[in-house]
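Structure, as structure tokens:
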There are 2 protein chains.
Amino acid sequence: METLLPKFDSVFSIDCVIFGFDEGELKILLIERNEEPFKDWWALPGYIVEQEESIDHAAERILYELTGLRDIYMDQFYTFGDVNRHPQGRVITVAYYAMIRLNGSKELKPISNYASKAVWISVNDLPKLAFDHEKIFSRGFEKIRNKISYQPIAFELLPEKFTLTQLQQLYEVILNKKLDKRNFRKKMLNYGILKELDEKQKGVSYRAAKLYKFDKRKYTRLFQKELTFGK
Amino acid sequence: METLLPKFDSVFSIDCVIFGFDEGELKILLIERNEEPFKDWWALPGYIVEQEESIDHAAERILYELTGLRDIYMDQFYTFGDVNRHPQGRVITVAYYAMIRLNGSKELKPISNYASKAVWISVNDLPKLAFDHEKIFSRGFEKIRNKISYQPIAFELLPEKFTLTQLQQLYEVILNKKLDKRNFRKKMLNYGILKELDEKQKGVSYRAAKLYKFDKRKYTRLFQKELTFGK
DNA sequence: ACAAAAGTGTTCTACGTACACCCATGA
DNA sequence: TCATGGGTGTACGTAGAACACTTTTGT
């Protein structure tokens with residue numbers, strides 16, 4: 001391909017804020033870097049975009065390399081382009097968030113070679129992060145906090161079958177406030193996007209709760225537009 | 001600066017969707033390119049980010065070169081990174097929108113040399129655009145349509161002193177629907193963020209309307225959070 | 001006097017919010 | 001039988017939505 005474009009010493013990268021919900025806590029996936037710079041620091045999973053790869057594809061690839069998962073809900077949310085954000089040169093990074101169903105079976109398969117390990121860490125308990133990754137995380141968190149109020153993204157984080165209490169807990173940790181149980185349930189059920197199952201929770205030492213499913217079919221039929229959750 | 005980073009044939013650029021409101025119409029600023037590729041096509045104003053320049057700075061620079069204006073409301077909204085979006089190589093572009101007070105005096109000072117002219121064109125009457133700029137425009141328009149519902153960005157487009165009818169017209173063109181006059185005025189005035197002036201409209205051949213100002217001081221005092229306009 | 005837009009209130013409905021107790025289950 | 005969360009209803013206040021006529025001003 002002929003190019004008339006000027007050449008700069010510049011690189012694109014992708015960084016991902018990958019959310020999971022487990023044991024009542026909102027977590028993100030962090031890696032421990034085993035490359036300079038910031039070797040041995042915690043960082044968001046991310047890497048350089050390849051020459052012949054779209055940025056969406058790069059985001060999916062990075063997620064796959066770390067988790068073995070495909071077809072995950074991902075969304076681009078901001079691009080960070082300060083001159084000195086990377087100590088070794090000009091790197092502009094496009095940030096994505098993803099939401100993963102942890103399902104108890106949260107085994108990670110880090111196929112990647114740029115991370116010595118990958119772990120889920122509660123968003124309330126994050127270590128210092130490499131580069132400007134704390135800023136990136138904050139902005140991503142703000143984004144989903146915002147989005148959960150008008151889009152049904154919460155269901156991406158829950159197991160397929162969940163109780164209303166689990167759903168409420170998830171809203172509470174993302175919005176960082178207590179919600180009223182009766183009001184929450186009334187509102188949720190009123191939307192008509194939950195399918196009540198004939199099944200109950202198992203293995204709890206108290207009254208078992210009914211299980212529900214997110215009814216995506218009904219959701220898209222009812223709402224071309226948007227909901228307002230969690231307010 | 002030592003660099004261990006790989007080198008790609010890749011370039012960052014910025015593209016801007018610059019909105020203005022004039023004669024009851026929402027317009028954007030387009031340039032006619034005088035460089036290949038897409039020479040003589042209409043395009044969004046945009047250019048390559050310089051080596052030692054942040055992307056926010058690049059966006060402001062591009063706006064300044066075309067309009068002579070600084071300190072304008074600008075916001076990054078999406079990054080477009082498909083492999084073949086530029087015919088001459090890999091170009092990832094970060095898109096910004098801006099809002100400009102046209103004020104009748106809408107003279108443009110295109111200091112730039114990559115555009116043979118720049119004009120304001122109604123969003124309802126756009127020509128075919130170069131590259132993927134139609135996609136970029138649509139996404140930017142969607143973004144402000146969304147944002148105007150919960151943030152007071154409309155005032156960035158209006159003259160300092162405006163009538164309630166002008167304000168309503170602006171909401172109507174952005175939201176693309178008719179609003180009820182009485183409800184609109186009641187709601188707007190209830191927020192308490194408009195300052196009623198002792199002045200009236202001039203030069204109209206019918207009953208002159210009261211002029212208002214956006215009271216930014218009151219706005220920030222009242223709302224740490226957000227409003228919901230235009231619904 | 002006419003044309004054009006300014007300006008103004010009420011009613012109904014829907015939704016958010018506050019609030020506390022009994023129930024079912026497993027240990 | 002006890003501990004633990006599951007599950008439920010009412011009353012109030014607020015905000016959005018529907019809806020039409022009179023007033024002012026310049027020509």
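In what follows, every chain begins at residue 1, and chains take the letters A, B, ... in the order their sequences are listed. Just so it is clear, the structure is predicted and the values come from calculations on it, not from any experiment. Side chains included, hydrogens not; waters and symmetry mates left out as well; all remaining heavy atoms used.
In terms of the side-chain hydrogen bond (donor to acceptor under 3.5 Å, both in side chains) criterion, residue partners of B:Glu172 (sequence neighbours excluded) are, by chain and number, B:Gln168. With sequence neighbours excluded, no residue forms a side-chain hydrogen bond (donor to acceptor under 3.5 Å, both in side chains) with A:Asn176.
In this structure, A:Lys202 places its NZ atom 20 Å from P of C:dA24, rounding to the nearest Å. In this entry the distance linking CE of A:Met188 with C1' of C:dC15 reads 15 Å, nearest Å. Atom CZ of A:Phe184 is separated from atom C1' of C:dC15 by 16 Å (rounded to the nearest Å). Atom-to-atom, CG of A:Leu197 to P of D:dG6 comes out at 16 Å; the value is rounded to the nearest Å. Atom NZ of B:Lys177 is separated from atom C1' of D:dA17 by 11 Å (rounded to the nearest Å). In this entry the distance linking OH of B:Tyr150 with C1' of D:dG16 reads 20 Å, nearest Å. For A:Gln168 and D:dG5, the CD to P distance is 13 Å, given to the nearest whole Å. Rounded to an integer number of Å, the gap from CD of B:Gln201 to P of D:dT23 is 21 Å.
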> Under the side chain to side chain contact (heavy atoms under 4.5 Å, CB included) criterion, do B:Trp120 and B:Leu102 qualify, and how do the steps go?
Replying inline: CA-CA 10 Å; B:Trp120 290 101; B:Leu102 289 182; 3.4 Å; yes
Close N/O contacts between protein and nucleotides 8-15 of chain D (under 3.5 Å):
{"residue": "D:dT10", "atom": "O4", "partner": "A:Lys186", "partner atom": "NZ", "Å": "3.3"}

Could you tabulate the donor-acceptor pairs under 3.5 Å formed by side-chain atoms of residues 123-130 of chain A, not counting sequence neighbours?
none

Which pairs would a plain distance check flag for residues 194-202 of chain B, meaning a side-chain donor or acceptor within less than 3.5 Å of a matching protein atom at least two apart in sequence or in another chain?
{"residue": "B:Glu196", "atom": "OE2", "partner": "B:Lys210", "partner atom": "NZ", "Å": "3.3"}
{"residue": "B:Glu199", "atom": "OE1", "partner": "B:Lys161", "partner atom": "NZ", "Å": "2.9"}
{"residue": "B:Glu199", "atom": "OE2", "partner": "B:Lys161", "partner atom": "NZ", "Å": "3.3"}
{"residue": "B:Gln201", "atom": "OE1", "partner": "B:Ala209", "partner atom": "N", "Å": "3.0"}

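Contacts of residues 159-166 of chain A with DNA chain C (heavy atom under 4.0 Å): none.
Below 30°, between 30° and 60°, or above 60°: for A:Phe214 and A:Phe155 the angle between ring planes is below 30°, a parallel geometry. Using bins of under 30°, 30° to 60° and over 60° for the plane-to-plane angle, the ring pair B:Phe80/B:Phe77 lands in the perpendicular bin.
Because its NZ or CZ atom is both nearer than 6.0 Å to the ring centre of B:Phe141 and within 45° of the ring axis, B:Arg145 counts as a cation-pi partner of that residue. A:Arg33 forms no cation-pi arrangement with A:Phe38, by the criterion of a distance under 6.0 Å to the ring centre and an angle within 45° of the ring axis.
At a cut-off of 3.5 angstrom, the base of C:dA24 holds no donor-acceptor pair with the side chain of A:Arg207.
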